[in-house]
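Data first, discussion second: the structure below is written as C-alpha cells.
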Amino acid sequence: MKKITKQDNTNEHKNYHEKNKTKEIMSPDIEKKSRVFDEMLNVNGCFDMIKRCVSIGNRKGYIYTIDGFTNGAVMQRVVQFLIEVEEKDIPDRAEEFAAKCIPHGELIVAREYEEAKILTLSGMSAILIDGFEEVFVIDCREFPARGVSEPTKDKTLRGSRDGFVETMIFNVALLRRRIRTEDFTSKLMQIGTSSKTDVSICYIKGRTSEDMLNTVLNKLKEVKADALSMNVESLAECIYKGSWFNPFPKFKYTERPDVTAASILEGNIVIFVDNCPSAMIIPTTVFDIIEDTDDYYFAPVTGTYLRLSRLLITLSALVVSPLFLLVCQYPEYLPEGLRFMLPKNYINVPIVLQFLLLEFAIDGLKLASLNTPDTLSTSLSVIAGIVVGEFAISSGWFNEEVLLCMALVALANYSHSSFELGYALKFMRTIILITTAIWGIYGFATGIGLVIILIGTNKTVTGTPYLSPIIPLDFKKVLTQFLRVDIKKKQN
C-alpha cells in the first residue's frame, strides 16, 4: 500500500479538534468524510499512517491503517474480497453490507468519528465506502510481541514456564487457557485522555464480591489522567486515594499466569494494562505478598515448611541488624555463651553508621548490576566482593560481624518476590536502627511498634484489612494461611 500525501493541514487539524467535530455523525459523502479522517488521524504528519484508495463495486473507497500493526496477509485477503464485489451486490444498509461483503470475523460498524478515530489509532483498519455514512472497522492487528517465556523474577522450581507479555490480549488468553468456565468475565475500558490505554478487568461471576467489584470499577471510571505512562504503577497511583507515606505495598503484582488464575478462582480481581507484562491482583494482604508459587507445587508438608521458613526469614530481614546493634549497646545482658557475637576488633566507625553505609552500598550495587552489560557483570561481582569484603575490613571502616549481619539481611530480602515489600522492610529497618541508636531498648521497642502500626493501618483499594485473616480474626483461615493444606480440603 502506498500512502497518499496531501498539502500540510496542521492548522486545519488544530481547528478541527478545537471545534470537537469528532463526535459528529458521519456524512455519506466519501470526499468530505475522507478530509475529516485526514485531519483527525493526522495522515500528513505521520509516516506510518497509511491511506489507500480502492474501488469497491464501482464505488470509491478509502482504507486507513497503521503500518506495523496490520497483518498484511489478512488485509490483502479482505481488500481482494472487497475489490471483487459487484455494484449490484451492494445492499443499502451498512449492517447488510458488513454481513454479506466483508468476510472478516472481527468487524465493527462505527457511526461516529470519535469512535472510528479511537479504533483506528488502536491499530484497527478503517474502511470508508461512498454512499455509506458508517465506517467499517476490521481488526486485523498483529501486535509486536516477545515469546511467552518464564518471568525472570517469579521463578519456580516446579510448574509451568510461561509468563505474561506486553500484549494484553495474549495475557487474557493465557488465563482462558486455565479457566474454562462461562462465568469468567473480562471487561475492557480505556483510560488516559491522550494514551487511551486499554485496561482489562478479569474476574469470575459468583465468586467475586459485588461490592468489591463495583468499588474497583467505580475507581477505574473516576480516573482522570492524560496517560498511563508507567502502566500498572500509573494506574495504581490513580485508583489509590490514600497516603503513600506508608511504604508497605497496596497491590500484588505477578507475571505468572498460574498465580493469576489461582487468584481469580479464589474470588479476587485481576487488572491488566496493555504494554505491561504484570497483572495487578486486588485485594491483597501482607500474607498474599509473602506467599510464593512453590508453596503449592510441592506436597503440603514441604509447602508448609517453605511458607513458614519464608515468613521467619522475612521477619529476620527486619530485626537482625537492629538486634545486633542493641546487643552491642547492652553487652552486659548477653549470656556468656553468646558473647562470641560481639565485635572482636576495635570499632573505628559507630555500628549504626556502619549499618547505614552498608544499606546504601547494597542499593548502589543493585543499581550498578542493573546497568552493567552482561559481559562485565562478572568483573563487577569480583570488584564488589573485594571492596565490600576484604578491603572494607582491613581499612577499618567495617567490622566483620557487621558485614555478616548485612549479608544475611541482603539474602533475606530475596526470599520473596516482591520488590515493594523488600524496600518497605528496608525503610522500617533503617528507622529501627536510628531509634535504637538514639534511645536504646526503648527506641527498638518504638521502632517495632511503628512497624506494627503501619502494617495494621495500611489501606487497600477495596478496604480489605491488610492483616486479614488475623484482623479480623478467623481462626480457620489463619491456619490455612500459615499451613499448606491439601487442595481437596481447601476447596471444600
- [ ] Scan residues 459-468 for pairs that pass salt bridge (charged side-chain N to carboxylate O under 4.0 Å, His left out), counting only residues two or more places apart or in two chains.
- [x] none
- [ ] Check whether the side chains of Asp226 and Ser194 place a donor and an acceptor atom closer than 3.5 Å, and report yes or no.
- [x] yes
Open item on the list: Any heavy-atom pair between the side chains of Leu425 and Phe248 that's under 4.5 Å?
Closed with: yes
Task: Test log, rule ring pair (Phe, Tyr, Trp, His ring centres under 6.0 Å), inputs Phe272 and Phe164 - done: CA-CA 10 Å; Phe272 290 108; Phe164 292 134; 5.1 Å; yes
Open item on the list: So which atom in Ser234 and which in Ser229 form the shortest heavy-atom distance, rounded to 0.1 Å?
Closed with: OG-N, 3.6 Å
Open item on the list: If we ignore hydrogens and angles and just use 3.5 Å, is the side chain of Thr435 paired with the main-chain N or O of Gly443 as donor and acceptor?
Closed with: yes
- [ ] Would you indicate whether the side-chain heavy atoms of Gln329 and Thr436 approach each other to under 4.5 Å?
- [x] yes
Open item on the list: Looking at Leu174, is its backbone amide N or carbonyl O close enough to the side chain of Arg178 to form a donor-acceptor pair, meaning the two atoms are under 3.5 Å apart?
Closed with: yes
Open item on the list: Under 3.5 Å, is there a donor on one side chain and an acceptor on the other for Tyr296 and Arg307?
Closed with: yes
Open item on the list: Is it true that, when you exclude Lys224 itself, more than 12 heavy atoms of the residues, nucleotides or ligands shown sit nearer than 6.0 Å to its NZ?
Closed with: no
TODO: Assess whether atom CZ of Phe475 is packed by more than 12 heavy atoms of other residues, nucleotides or ligands within 6.0 Å.
DONE: no
TODO: Taking Asn218 for its side chain and Asn214 for its backbone only, find out whether a donor-acceptor pair lies under 3.5 Å.
DONE: yes
- [ ] Sequence neighbours left out, what pairs pass salt bridge (charged side-chain N to carboxylate O under 4.0 Å, His left out) with at least one residue falling in residues 350-361?
- [x] Glu359-Lys426, Glu359-Arg429
- [ ] Identify, with sequence neighbours excluded, every residue that meets ring-ring contact (aromatic ring centres under 6.0 Å, His included) alongside Phe482.
- [x] Phe287
Open item on the list: Are Lys252 and Pro283 packed together at the side-chain level, in the sense that at least one heavy-atom pair is separated by less than 4.5 angstrom?
Closed with: no
Open item on the list: Can you give me the closest heavy-atom contact between Asn231 and Asn275, atom names plus distance?
Closed with: ND2-O, 3.4 Å
Open item on the list: Does either side chain, that of Thr293 or that of Thr156, offer a donor lying less than 3.5 Å from an acceptor on the other one?
Closed with: no
- [ ] Examine distances only and state if a side-chain atom of Thr304 and a backbone atom of Arg484 form a donor-acceptor pair shorter than 3.5 Å.
- [x] yes
Task: Any side-chain heavy-atom pair of Thr70 and Glu142 under 4.5 Å - done: no
Open item on the list: How long is the straight-line distance from CD1 of Ile239 back to NZ of Lys250, given to the nearest 0.5 Å?
Closed with: 12.5 Å
- [ ] Taking atom NZ of Lys153 as the centre, report whether more than 12 heavy atoms of other residues, nucleotides or ligands fall under 6.0 Å from it.
- [x] yes
Task: More than 12 heavy atoms of other groups within 6.0 Å of Arg161 CZ - done: yes
- [ ] Ignoring hydrogens and angles, tell me if any N or O in the side chain of Gln354 forms a donor-acceptor pair with the backbone of Asn399 under 3.5 Å.
- [x] yes
Task: Modelled atom types, side-chain donor and acceptor of Asp198 and Gln190, under 3.5 Å - done: yes
Task: Minimum side-chain heavy-atom gap Met124-Asp139 below 4.5 Å - done: yes
TODO: Using a strict cut-off of less than 4.0 Å between a Lys/Arg side-chain nitrogen and an Asp/Glu carboxylate oxygen, indicate whether Glu266 and Arg207 qualify as a salt bridge.
DONE: no
Open item on the list: For a quick check under 3.5 Å, do Ser160 and Asp162 share a side-chain donor-acceptor pair by atom type?
Closed with: yes
Task: Where Gly422 and Asn413 come nearest, the two heavy atoms and their spacing - done: O-OD1, 4.1 Å
Open item on the list: Between Thr460 (side chain only) and Thr464 (backbone N and O only), is there a donor and an acceptor less than 3.5 Å apart?
Closed with: yes
TODO: Give a yes or no on whether Arg180 atom CZ has more than 12 heavy-atom contacts from other residues, nucleotides or ligands under 6.0 Å away.
DONE: no
- [ ] Kindly check if the number of other-residue, nucleotide or ligand heavy atoms within 6.0 Å of CD1 (Ile66) is above 12?
- [x] yes
Task: Residues Lys219, Glu222: salt bridge by 4.0 Å N-O rule - done: no
Open item on the list: If I compare all heavy atoms of Ile289 with all of Pro249, which pair ends up nearest, and what's the gap?
Closed with: CD1-CG, 3.4 Å
Task: Spacing of Cys202 atom SG and Asn268 atom CG [to the nearest 0.5 Å] - done: 12.5 Å
Open item on the list: For Pro469, is there any backbone N or O sitting under 3.5 Å from a side-chain donor or acceptor partner on Asp474?
Closed with: no
Open item on the list: Between Asp154 (side chain only) and Glu255 (backbone N and O only), is there a donor and an acceptor less than 3.5 Å apart?
Closed with: yes
Open item on the list: If you count heavy atoms of other groups shown closer than 6.0 angstrom to CE of Met189, is the number above 12?
Closed with: yes
Task: Side chains of Tyr297 and Asp258, donor plus acceptor under 3.5 Å - done: yes
Open item on the list: Can a donor-acceptor pair be found, under 3.5 Å and without considering hydrogens, that links the side chain of Arg177 to the backbone of Pro257?
Closed with: no
- [ ] Please tell me if the side chains of Glu401 and Lys344 come closer than 4.5 Å, counting only heavy atoms from C-beta onward.
- [x] yes
Task: Flag side-chain contact, heavy atom, 4.5 Å: Leu121 against Met49 - done: yes
Task: Minimum side-chain heavy-atom gap Cys328-Pro343 below 4.5 Å - done: yes
Task: Cation-aromatic face contact Arg158/Phe298, 6.0 Å, 45 degrees - done: yes
TODO: Drop me the distance from Met428's CE to Ile452's CD1, to the nearest 0.5 angstrom.
DONE: 12.5 Å
Open item on the list: Heavy-atom count check: over 12 atoms from other residues, nucleotides or ligands less than 6.0 Å from Lys477 NZ?
Closed with: no
Task: Under 3.5 Å donor-acceptor, Arg310 side chain and Tyr305 backbone - done: no
